[in-house]
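In what follows, chains carry the letters A, B, and so on, assigned in the order in which the sequence lines appear, proteins first and then strands, with residues in each chain numbered from 1. It should be emphasised that the depicted structure is a prediction, and the values quoted were computed from it without experimental measurement.
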Amino acid sequence: MGRYNPKDAEPKWQARWTEAGAFEAKADANKEKYYVLEMFPYPSGRIHIGHVRNYAMGDVIARYKKACGFNVLHPMGWDAFGMPAENAAMQTGSHPATWTYSNIDIMRGQLKQMGLSIDWSREFATCDPEYYQHQQKMFLDFWEAGFAYRKESSVNWDPVDQTVLANEQVIDGKGWRSGAVVERRKLSQWFLKITDEAEDLLEALDDGRLEGWPDNVRLMQRNWIGKSKGLAMQFRFADATAPDGFEDGIEIFTTRPDTLYGASFIAIAPDHPLAAHFAQNDPALADFIIDCLKLGTSEEAIEKAEKRGYKLPLETGHPFDDRRLPIYVANFVLMQYGTGAIFGCPSGDQRDLDFARKYGLPVPPVVLPPDADPASFTIEDDAYVGPGTIFNSGFLNGLSTDDAIAAAIAKIEDMGLGQGVTQYRLRDWGVSRQRYWGCPIPAIHCEKCGIVPVPAKDLPVKLPEEADFSVPGNPLERHPTWKHVDCPACGGKARRETDTFDTFVDSSWYFARFAAPADDKPIEKAAADYWMPVDQYIGGIEHAILHLLYARYFTRMMKACGYSSVDEPFENLFTQGMVVHAVYKDVDGNWIFPEDVAEPTEEERTVFREKFLPLVQAEIYCAQETNELVLAHQIPHPDQSVRIELENTFGVSGHIGRASPISLSPESQNWLCTSANDKQRQMFESDVVPVVRYPIEKMSKSKKNVVSPEAIAETYGADAARWFMLSDSPPERDVEWTDSGVEGAWKLINRIWDAVSPAAGLLKAVDLSKSGGDDADKELRQMTHATIAGVTDDIDNFRFNKAIARIYEFMNALKKHGSAGDWARAEALGALTQLAAPFTPHLAEECWETLGGEGLVCDAPWPKADPALLKKDSVVLGVQVNGKRRGELEVAADADNAAVEQAALSDEAVKRHIDGKTVRKVVVVPGRIVNIVAT
RNA sequence: GCGGACGUGGCGGAACCGGUAGACGCAACAGACUUAAAAUCUGUCGGGAGCAAUCCCGUGGGGGUUCGAGUCCCCCCGUCCGCACCA
């Protein structure tokens, strides 16, 4: 018997599958379909081990469902627009398209090597004009249907690079490249009206349409949509001092009108019109506002910032009494939520409390917690946000918080100061991006006609091939010719929209395009009606909100415009964990592939210290204004943790970047990269350059979990890589790669082969369709059928790690029953091969062929467990005395409770423990446990 | 800061609806085979006490509910994901 050789077997079976067209999907109304889709990858360069895990999971499902008789669609494509290609263009001068398509070629090859059951004939990339032209067509329809509009919104503006920055490009409020302090700037941009669907998007989370989704994702979406009922009301200015245009006072929104008596100030957003009004004549306020806007646009940065305010020279009255409330411009109030103004109730909101303490404002308590004493209850450091009884609140006194909300709204409505409203946290979807590498938005700006759509006959609006990426900013905007176009309405001179779509638009409908990827309409309705919705969607939890919500919204727009018939795109959702391992960046802050990084030898370390270190230190100088040490080509480095590691690695003392105390980590090591670029080669006079390693998880520091799926596949085969990725960790949890684990997978592959290969032809030699098998082999047969039932159940529930553990147990049982008869062994080995097939498909084909199975194992029907063989005759129960396990009891599976109780009480160990005590109670849980309570 | 998750041996993890904690794998150790190594096979493997039978402790920490808690509740600590222009 020969050793299993994946290097021969894997390409061989991949070729057979292709020849047989085994995974090419054809719509067939007579067959029940099953659409398996993993979130498509961004072509970053190479397949990451995390991709392998993701696609291996989908592949298990796809192969399993095919074996179960479904007509399976399992396609693959590329989420190919995005910033990395443009950044690469800026760095290396290669065109984004060249970079992207060459990455796709590499990654396609790597994925094919993994033996995935993908219908490659449906492949496309979102940057193909053949794809994005349809996106443009749909957008025209959405626009016509009133789903798209333009409005002003804020962007991060880098004043030095003269460009819009993504949130991730803003580090500590500064531009990643220029280091300049970022400003918030308004631009007129395209939006899609996702808020129109807020209610339906929310309802579907609970009405059964998304039953196949995990609860936590539904909860996250519910919170994100953030429906709240509240009160929008006017606070009138005291003393009739209303500035021009603000005669009605300030409109605020609150979800807690029950706490109106607890109000001690009004706060408005820095970009609120009233703030702008006062800033005109108050330079200090203007400075304060500019300062607030320097936080950038990310909600996270705004919320984390220290709460600050600037008092305006006017006050409001209070609707219910004669109090006067100061008005502040406050950095934590968001203009885009509610009305951009709030009333502060410090006793009931931690933010408001912090603010009130800082500015010495009163803190009247108005909600009395259930067991508190109204005479002595005060707020100290913590606001009380829970339910309770209203007090110190005039006509609301004695009401519960809920009743008081209703009463306060009714009163304000009576007074004509406002009304109860439903509010959503969800904002409309801004789809404009000021970048080159995206789908052009098909609009034309004409001075006479305004903004007009590009006529459908003129689609696609293709990106210009030539573009200048040498400087930051939007290459479309400064392209010499591309944007100049005649107005389709009046024929006069006009200019193209130079914004491109957010890449979330590309990924919001690709799943529908897969139904008929070559069709000349965006979506071929018959095909889409057959294949949609996706039966099983698989992707990372990091997409729980944005991508999944946008795709759900897009599906609604597509239905409204007649493109498809489904309500929801994804019937079942599974969110897998990530594969974590250390990340590397070179001294310029560029990502380095783990496989290009090696731990240096002692000699290399010496060279590093003596040769590289002085070079790097020469690049360090003292930043003048802050007196901090900064790496010259690193000001500021985009990532604080890298800055810290740089310091540790290169031995710089003091602070790097913005002042924050650095904790030196003694484990810090110097890592070397073997793929230096020209600039680095020159700088270091070496092909080997230092890189900075920082672990995603602290625990992984000691582990050299640097890994390339390709290398694994070369050494052990794709099956071993797939098997290991699914074996140890539960799929929804993060996993860390270890080298030793894959060797275990490789061992198992050989064990399966060693079990099967001596039994060559066994499936031909016995007839499994007729009953057979000796009574002596019952134990093996029970194990075979228990394994079939268990693995099936585990796959159905995405418990791949458990399915794999069962296969290991089955292997152990097979060894124990090595002398069983041919019939039972044929049954066992056949089942083993089929159960392993979704995980290790190449090995399974090889085994199937050896055993003499009919056709390809990927076409063979899934084995069925015989219920008669799943029943156990006897069970072993644990026996507890006062909750502590004291013994074990084997009883017939159908023994009655009284008999079990008697047996338990007569157990020697039990007798010892109840000796001298009185038995008070005996709890018998059939099939599980006996607990004797004795005192 | 807000929202969501997670935390179990040396390691990855298992434990169904609250019912024998540690399945299965990795690593380690001991033995067999071998001139030797690798591979393979057999066995041991949470901590402590004991010759042993056996007993005590143990699921991030602290409380609680229960005949019984890794699992449920409250508080705390730590890690990860998302926060609308990363994809």
Side-chain angles (χ1 to χ4, degrees), chain A residues 3 39 41-42 44 79 81-84 155-156 164-170 189 214-217 219-220 222-224 226 297-305 307 332 336 350-351 354 425-435 502-504 507 540-547 549-550 575 577-578 580 696-699 703 724 727-730 732-736 738 740-745 747-748 750-751 754 793 799 801-802 804-809 812 815 876-880 882-889 909 912 920-923 925 927-933:
Chain A
R3 206 166 157 76
M39 290 180 189
Y42 179 77
S44 54
D79 190 10
F81 275 134
M83 296 207 305
V155 294
N156 300 307
V164 176
L165 298 178
N167 282 336
E168 74 156 11
Q169 297 173 318
V170 179
Q189 308 199 75
D215 289 342
N216 64 330
V217 174
L219 183 56
M220 281 192 256
R222 190 176 309 130
N223 292 338
W224 183 260
T297 60
S298 116
E299 191 168 305
E300 182 188 5
I302 294 166
E303 293 269 335
K304 271 188 184 162
K307 310 294 173 267
F332 61 88
Q336 65 263 44
Q350 193 60 43
R351 256 185 341 196
D354 295 343
R425 206 184 74 97
L426 183 69
R427 311 199 291 257
D428 273 339
W429 177 12
V431 294
S432 279
R433 298 292 180 270
Q434 291 70 41
R435 298 186 215 293
D502 176 10
T503 56
F504 275 126
S507 57
I541 186 69
E542 68 272 21
H543 296 287
I545 294 172
L546 293 180
H547 163 58
L549 198 59
Y550 290 147
T575 53
M578 299 179 306
V580 295
I696 280 178
E697 268 192 19
K698 275 176 190 146
M699 294 304 290
K703 288 176 185 159
F724 173 60
S727 64
D728 277 356
S729 295
E732 67 277 10
R733 209 181 290 182
D734 290 352
V735 68
E736 199 181 349
T738 61
S740 54
V742 74
E743 279 174 37
K747 271 197 255 180
L748 177 99
N750 286 298
R751 276 174 67 191
D754 291 346
D793 189 48
R799 293 185 299 242
N801 56 324
K802 287 182 66 187
I804 281 176
R806 275 185 215 280
I807 293 176
Y808 272 110
E809 281 176 301
N812 293 339
K815 180 176 281 172
V876 178
L877 302 182
V879 183
Q880 298 179 333
N882 292 332
K884 285 196 178 189
R885 183 181 172 279
R886 298 299 179 186
E888 224 169 51
L889 199 60
R912 229 180 18 250
R920 304 285 175 192
K921 190 175 174 185
V922 179
V923 181
V925 183
R928 292 238 183 250
I929 206 162
V930 183
N931 190 15
I932 296 158
V933 185

Donor/acceptor link under 3.5 angstrom from A:Glu542 side chain onto base of B:rC80: no
Tell me: CG of A:Asn812 to C1' of B:rU40, nearest whole Å? 15 Å
At under 4.0 Å between heavy atoms, what does A:Ser432 touch on the DNA or RNA strands: base, sugar-phosphate, or nothing? base
Pick the C1' atom in B:rG9 and in B:rC29, then give their distance to the nearest Å. 16 Å
Mind running side-chain contact (heavy atoms from CB on, under 4.5 Å) on A:Gln189 and A:Val155 for me, showing each step along the way? CA-CA 10 Å; A:Gln189 308 199 75; A:Val155 294; 3.4 Å; yes
Sugar-phosphate only, base, or nothing, as touched by A:Asp79 at under 4.0 Å among non-hydrogen atoms: sugar-phosphate
Given B:rG12, is OP1 or OP2 found less than 4.0 Å from the side-chain N or O atoms of A:Asn801? no
By nearest heavy atom, map A:Lys304 and A:Ile545 onto RNA chain B; which one lands nearer the 5' end? A:Lys304
Just to confirm, is there a sub-4.0 Å distance from OP1 or OP2 of B:rC57 to any side-chain nitrogen or oxygen of A:Lys884? yes
OP1 or OP2 of B:rA84 versus the side-chain N and O atoms of A:Arg427: is any pair under 4.0 Å? no
N/O donor-acceptor pair, side chain A:Gln434 with base B:rC85, under 3.5 angstrom: yes
Anti versus syn assignment for B:rC17, with syn defined as within 90° of 0: syn
Please give the distance between the C1' atoms of B:rC75 and B:rU65 as a whole number of Å. 15 Å
With a 4.0 Å limit, can you tell me whether A:Arg351 has a side-chain N or O closer than that to the phosphate oxygens OP1/OP2 of B:rG1? no
Counting heavy atoms from C-beta on, name the nucleotide in B:rA87, B:rC26, B:rG4 closest to the side chain of A:Phe504. B:rA87
Looking for any heavy atom pair under 4.0 Å, which part of the strands does A:Glu888 touch: base, sugar-phosphate only, or nothing? base
With a 4.0 Å cut-off on heavy atoms, is A:His547 in touch with a base, just the backbone sugar-phosphate, or nothing at all? nothing
The side chain of A:Lys802 is closest to which nucleotide in this list: B:rC56, B:rG19, B:rA15? B:rA15
Side chain to side chain donor-acceptor pair (under 3.5 Å) test vs A:Asp793 passes for just one of A:Lys802, A:Arg799, A:Arg806, namely A:Arg799
